[in-house]
Amino acid sequence: MHIAVVDYGMGNLRSVAKAVEHVAPDRQVVVTDDPDRVASAERVVFPGQGAMPDCMRELDARGLRPAVIEAARTKPFLGICIGLQMLFERSEEGDTPGLGLLRGRVRRFPAERMVGADGSKLKVPHMGWNEVRQTRSHPLWAGIPQNARFYFVHSYFVEPADPGLIAGETHYPAPFTSAVAGSRLFAVQFHPEKSHHAGLKLLSNFVAWDGRTPAAAQSPQAALTGTP
Amino acid sequence: MGLATRIIPCLDVNAGRVVKGVNFLGLRDAGDPVEIAKRYDEQGADELTFLDITASSDGRDTIVSVVESVAEQVFIPLTVGGGVRSVADIRRLLNAGADKVSINTAAVQNPALVEESARRFGSQCIVVAIDARRVPGSDPLRWEVFTHGGRKSTGLDAVEWGKRMQAAGAGEILLTSMDRDGTKQGFDVELTRAFSEALDIPVIASGGVGGLQHLVDGVKLGRADAVLAASIFHYGEFTVGEAKAYMSAKGIETRLTDG
């Protein structure tokens with residue numbers, strides 16, 4: 001059994017694969033665009049870089065959509081950056097429909113509100129190290145201090161329709177959702193593979209994760225849409 | 001608390017070794033890039049930038065293996081620049097483990113390269129490096145873009161060029177003052193501020209850092225989103241941790257190593 005890193009031709013997956021290999025030296029890490037290799041994996045990492053319309057197009061061009069949806073529902077699944085955004089219903093970026101696994105939308109940081117506490121202009125993309133407040137306990141947060149900093153680079157953020165999905169929150173300048181937890185999936189806006197100790201810890205937690213999200217904190221509303 | 005100001009040590013790499021020019025008179029060996037990268041990583045560097053200054057084209061493959069080795073061991077963002085001329089160059093560096101690639105002279109010669117690479121790889125990995133020099137006697141102050149390591153004048157207004165690169169899809173600007181580079185007199189904070197106010201994307205200030213107060217000035221007076229420095233870190237004058245502690249004491253939010 002291998003860990004699949006889904007490759008749909010967008011951006012650089014080398015960093016993700018290297019970081020997973022680093023925390024799981026005894027496991028086989030496969031960067032793949034083959035739906036069968038995704039389907040046969042024990043767990044799946046779904047990264048993403050670039051623009052969401054291109055990501056969705058390339059994902060479909062490789063016939064990966066069904067395998068990704070199936071993996072997100074059935075095995076430990078980690079979405080990263082655009083890989084988080086693509087799980088939702090729709091993005092403002094190019095008005096693009098996402099995979100619709102999670103209810104909610106993806107919005108751009110509103111230009112008129114990008115002002116810091118001291119009146120200075122806040123840049124978009126949101127780029128650099130920011131704090132993540134863990135809004136619920138989760139096996140993927142194990143051993144990571146509350147408000148640890150992770151590396152971000154993005155211009156859009158997710159707005160889950162169900163607040164019960166939210167697992168982490170970050171301020172820029174308003175709070176936005178920086179991590180979500182579904183029944184078998186966990187997805188983050190930041191880049192754990194570039195986030196030093198805290199990021200490697202999250203990846204090693206993911207590699208050890210049995211895919212169960214503690215039920216106590218699950219929202220009464222179904223986290224996943226379309227599941228039986 | 002919010003986004004931390006980034007401190008980025010810069011490593012000039014010549015034929016696989018980190019070097020530092022001394023007042024343009026020669027290159028001093030500053031050590032093995034992997035060892036130095038690991039040291040900065042341990043000290044709390046937020047990112048690392050490698051600038052390949054290798055003159056010969058056969059020496060260029062060495063930067064790729066340097067990046068590969070560093071990326072195996074250092075899990076913070078890595079930017080690589082110097083001699084990047086084509087989409088193929090960018091792809092090669094990204095595949096080696098770089099997270100961002102910085103384009104300088106080639107952006108001026110062929111602005112479509114920035115557009116095409118941002119479209120293909122995403123703006124997040126395209127940094128446009130701009131070497132700017134003050135236009136003597138200009139009022140209001142103006143700066144001109146120079147290429148080829150600051151030797152060749154272009155006639156381009158630097159701030160206008162920055163805006164154009166932002167529109168072309170650059171994710172970030174690495175802004176070096178050629179007036180200050182190597183002088184240890186501090187950043188050209190007027191230049192940095194002019195860019196930071198004109199652009200919506202992050203601006204990394206570079207060129208001239210000789211002490212820790214210069215880093216603070218770059219952020220407070222120059223409004224830089226990140227500060228880049230080389231020599232103050234290379235010879236052990238200051239650690240990245242000391243720089244962060246100093247900036248933090250001056251009220252700048254940093255990612256402290258103990259946090």
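Protein chains get the first letters and strands the later ones, always in sequence-line order, with residue 1 at the start of each. Since the model is a prediction, treat every value here as computed from it, not as a measurement.
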request  = Can you tell which part of B:T254 gets under 4.5 Å to a heavy atom of chain A, answering side chain, backbone, both or neither?
outcome  = backbone
ask   = Counting only N and O atoms by type, is there a donor-acceptor contact under 3.5 Å from the side chain of B:R255 to the main-chain atoms of A:F150?
value = no
remark   = Assert top hit (heavy-atom pairs under 4.5 Å, partner chain A, pool B:R223, B:E172, B:E197, B:Q73) equals B:E172
A:H196 vs B:D41 side-chain heavy atoms within contact, under 4.5 Å = yes
request  = Answer yes or no: is there a donor N or O on one side and an acceptor on the other, between the side chain of A:K18 and the main chain of B:F75, under 3.5 Å?
outcome  = no
query = Among B:R119, B:E253, B:R91, which residue forms the greatest number of heavy-atom pairs with chain A at distances under 4.5 Å?
reply = B:E253
request  = Using the salt bridge (Lys or Arg N to Asp or Glu O under 4.0 Å) rule, pick out the option among A:K123, A:K121, A:R108 that qualifies with B:D200.
outcome  = A:K121
inquiry  = Report which part of B:A118 has an atom under 4.5 Å of a heavy atom belonging to chain A: side chain, backbone, both, or neither.
reply    = neither
request  = Report, as yes or no, whether the 6.0 Å neighbourhood of atom CZ on A:R90 holds more than 12 heavy atoms from other residues, nucleotides or ligands.
outcome  = yes
Separation between OG of B:S123 and CE of A:M127, rounded to the nearest 0.5 Å = 8.5 Å
request  = Over all heavy atoms of both residues, which pair between B:D99 and A:S15 is shortest? Give the atoms and the distance, please.
outcome  = OD1-OG, 2.9 Å
task = Please state whether the side chain, the backbone, both or neither of B:E68 comes within less than 4.5 Å of a heavy atom of chain A.
result = both
key: Reported CD-to-SG distance for the pair B:Q124 and A:C81, which is rounded to 0.5 angstrom   = 7.0 Å
key: Part of A:H154 lying under 4.5 Å from any heavy atom of chain B   = neither
inquiry  = Taking B:D46's backbone N and O only, do any of them form a donor-acceptor pair with A:W129's side chain (distance below 3.5 Å, no angle check)?
reply    = yes
inquiry  = Using heavy-atom distances under 4.5 Å, tell me whether A:A51 contacts chain B through its side chain, its backbone, both, or neither.
reply    = neither
query = Side-chain contact, heavy-atom cut-off 4.5 Å: A:R14 with B:L94?
reply = no
Chain A interface, residue from B:I76, B:V203, B:V74 that has the most non-hydrogen pairs under 4.5 Å = B:I76
key: Check: A:P125 and B:P202 side chains under 4.5 Å, non-hydrogen atoms   = yes
